[in-house]
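Every heavy atom of this structure was used, including side-chain atoms; hydrogens, water molecules and symmetry mates were not. Residue numbers run from 1 in the order of the sequence given.
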Amino acid sequence: MVIQHAQKVIIVIIGAFLNAIAMNFFLIPADVYASGFTGVAQLLFRISESYFPFTVSTGVTLFLLNIPVTILAWKKVGRSFTIYSFLSVFLMSLFLEIVPIYRVNDDILLNAVFGGVIAAIGVGITLKWGASTGGLDIIAMILSRMKDKPVGTYFFGLNAIIILSAGILFGWEKALYTLVTLYASTRVIDAIHTRHEKLTAMIITKKGKELKDAIHARMVRGITTLPAKGAFSGEDKEMLLMVITRYELYDLEHIIKEVDDQAFTNIVQTTGIFGFFRRE
């Protein structure tokens, strides 16, 4: 368990560092905006730089924006998830201040693509290891639980505000390049982890009871069991069917590996649910 936590901390550090590299080497020098709270922090810095006698750096702004979100997540989401997510935000804010802003290339399109891809790798591996980069990720998750709407709706809403605000205040060309960054980052995150809010897990195992007990001990999710038989071997098995959120995927993977590393698991996107689904 200690090794697992240490591995997660290392992944969070790497993810935060990659996000800072994407911002300070590609997006900030090109005036292309990131998605979510990072983009909001970037936009607020540009506004203060252009219209106020003082400036607040992107890293500090990002950290301040995430404080109320962290308090909300502590109450609504879960302590372990919140701690790692806040650690990710803190480290990213720190790296944004430490890593110098350096223009790698003068081509705006290259900066938009590479910035989006590198940031998405950082976000994707952080999500894959059971944490998040905070901010909009947490807000979208809480709102989607309350309203049962796709998480993408909230991402689109805030990112649309960022693009419109940047376009009105600083010109449309670089604001529209933000769309390239958003597209590149979304595709990479989809490849590494998933942007889908709900997932269906179909687990074929010979250790049905042990696996059910282990899942119920660590997750509050209903499980439907179906009898199954191997077509080639003729062995009697059991299929466990359950719906989870993307934030629970990391825990489920580790439970399955611990109990039955020979289990066959299929994870598919769930586009909608009718009936009871625990959102808290």
Side-chain angles (χ1 to χ4, degrees), residues 15-73 85-120 122-123 126 132-140 143 154-185:
F17 183 71
L18 288 174
N19 271 281
I21 290 293
M23 292 292 296
N24 285 359
F25 282 14
F26 296 96
L27 299 182
I28 290 177
D31 279 340
V32 176
Y33 297 91
S35 64
F37 269 31
T38 308
V40 174
Q42 193 179 352
L43 184 60
L44 290 175
F45 170 72
R46 288 283 285 111
I47 291 171
S48 68
E49 188 179 46
S50 301
Y51 297 101
F52 296 108
F54 62 89
T55 60
V56 181
S57 68
T58 303
V60 173
T61 305
L62 178 64
F63 183 77
L64 293 175
L65 287 172
N66 273 280
I67 291 175
V69 175
T70 302
I71 295 171
L72 185 63
S85 298
F86 183 75
L87 177 63
S88 174
V89 170
F90 172 77
L91 289 171
M92 183 177 172
S93 301
L94 181 64
F95 288 142
L96 282 171
E97 297 298 314
I98 294 174
V99 175
I101 296 176
Y102 177 75
R103 184 183 292 273
V104 175
N105 192 283
D106 292 327
D107 190 302
I108 300 176
L109 182 59
L110 286 177
N111 283 321
V113 172
F114 277 93
V117 168
I118 293 171
V123 173
T126 303
S132 82
T133 51
L136 182 58
D137 219 37
I138 292 174
I139 289 178
L143 288 175
Y154 304 105
F155 278 97
F156 176 80
L158 183 59
N159 290 329
I161 292 172
I162 294 171
I163 293 169
L164 288 172
S165 301
I168 292 169
L169 294 171
F170 304 112
W172 289 103
E173 181 187 11
K174 292 182 179 180
L176 291 175
Y177 274 112
T178 300
L179 290 173
V180 178
T181 300
L182 296 180
Y183 177 78
S185 61

For the atom pair OG1 (Thr58) and CD1 (Ile101), what is the distance rounded to the nearest 0.5 Å?
-> 6.5 Å
Apply ring-ring contact (aromatic ring centres under 6.0 Å, His included) to Phe45 and list each qualifying residue two or more places apart in sequence or on a separate chain.
-> none
Scan for salt bridge (Lys or Arg N to Asp or Glu O under 4.0 Å) pairs involving residues 50-60, sequence neighbours excluded, and state none if there are none.
-> none
From Leu176 CG over to Ile108 CD1, what is the distance, rounded to the nearest 0.5 angstrom?
-> 11.0 Å
Just jot down the side chain to side chain contact (heavy atoms under 4.5 Å, CB included) partners of Ile98, sequence neighbours excluded, or say none.
-> Leu94
Residues forming a salt bridge (Lys or Arg N to Asp or Glu O under 4.0 Å) with Glu49, sequence neighbours excluded | Arg46
Atom CD1 in Ile67, atom CG in Leu72: separation rounded to 0.5 Å?
-> 14.0 Å
What's the spacing between Ile163 CD1 and Leu179 CG if we round to 0.5 Å?
-> 4.0 Å
Shortest non-hydrogen contact from Val32 toward Thr181 = CG1-OG1, 3.2 Å
Is the backbone N or O of Val99 less than 3.5 Å from a side-chain atom of Asn24, with the two atoms forming a donor-acceptor pair by type?
-> yes
Mind listing the closest non-hydrogen atom pair of Gly116 and Ser185 along with its distance?
-> O-CB, 3.4 Å
Residue pair Leu109 / Val180, side-chain heavy-atom distance below 4.5 Å = yes
Any residue meeting side-chain hydrogen bond (donor to acceptor under 3.5 Å, both in side chains) with Ser93, in chain and number order, not counting sequence neighbours | none
Looking only at non-hydrogen atoms, find the nearest pair between Ser48 and Thr55 and report the distance.
-> OG-CA, 3.6 Å
Between Ala166 and Tyr33, what is the shortest heavy-atom contact and its length?
-> CB-CE1, 3.4 Å
For Ala34, enumerate each residue passing the side chain to side chain contact (heavy atoms under 4.5 Å, CB included) test, keeping only those at least two apart in sequence or located in another chain.
-> Met23, Leu27, Thr38, Gln42
Which heavy atom of Ala119 sits nearest a heavy atom of Ala22, and at what distance?
-> N-CB, 3.6 Å
Verdict with reasoning, Leu44 to Val56, per side-chain contact (heavy atoms from CB on, under 4.5 Å) | CA-CA 8 Å; Leu44 290 175; Val56 181; over 6 Å; no
Side chain to side chain contact (heavy atoms under 4.5 Å, CB included) against Val117, all qualifying residues, sequence neighbours excluded | Val113, Ile121, Ala184, Val188
Kindly write out the residues that satisfy ring-ring contact (aromatic ring centres under 6.0 Å, His included) with Phe95, not counting sequence neighbours, or none if the list is empty.
-> Phe17
Name all pairs fulfilling the salt bridge (Lys or Arg N to Asp or Glu O under 4.0 Å) condition that reach into residues 158-168, sequence neighbours left out, sorted by first residue then second.
-> none
Hey, could you give me each pair passing side chain to side chain donor-acceptor pair (under 3.5 Å) that has a residue in residues 60-73? Not counting sequence neighbours.
-> none
Kindly give the heavy-atom pair with the smallest separation between Leu18 and Ile118, and that separation in Å.
-> O-CG2, 3.3 Å
List for me each residue that meets ring-ring contact (aromatic ring centres under 6.0 Å, His included) alongside Phe86, sequence neighbours excluded, and say none if there are none.
-> Phe63
Backbone N or O of Leu182 within a donor-acceptor pair of the Ser35 side chain at under 3.5 Å?
-> no
Could you give all pairs that pass the side chain to side chain donor-acceptor pair (under 3.5 Å) test and reach residues 94-111, with sequence neighbours left out?
-> Ser57-Glu97
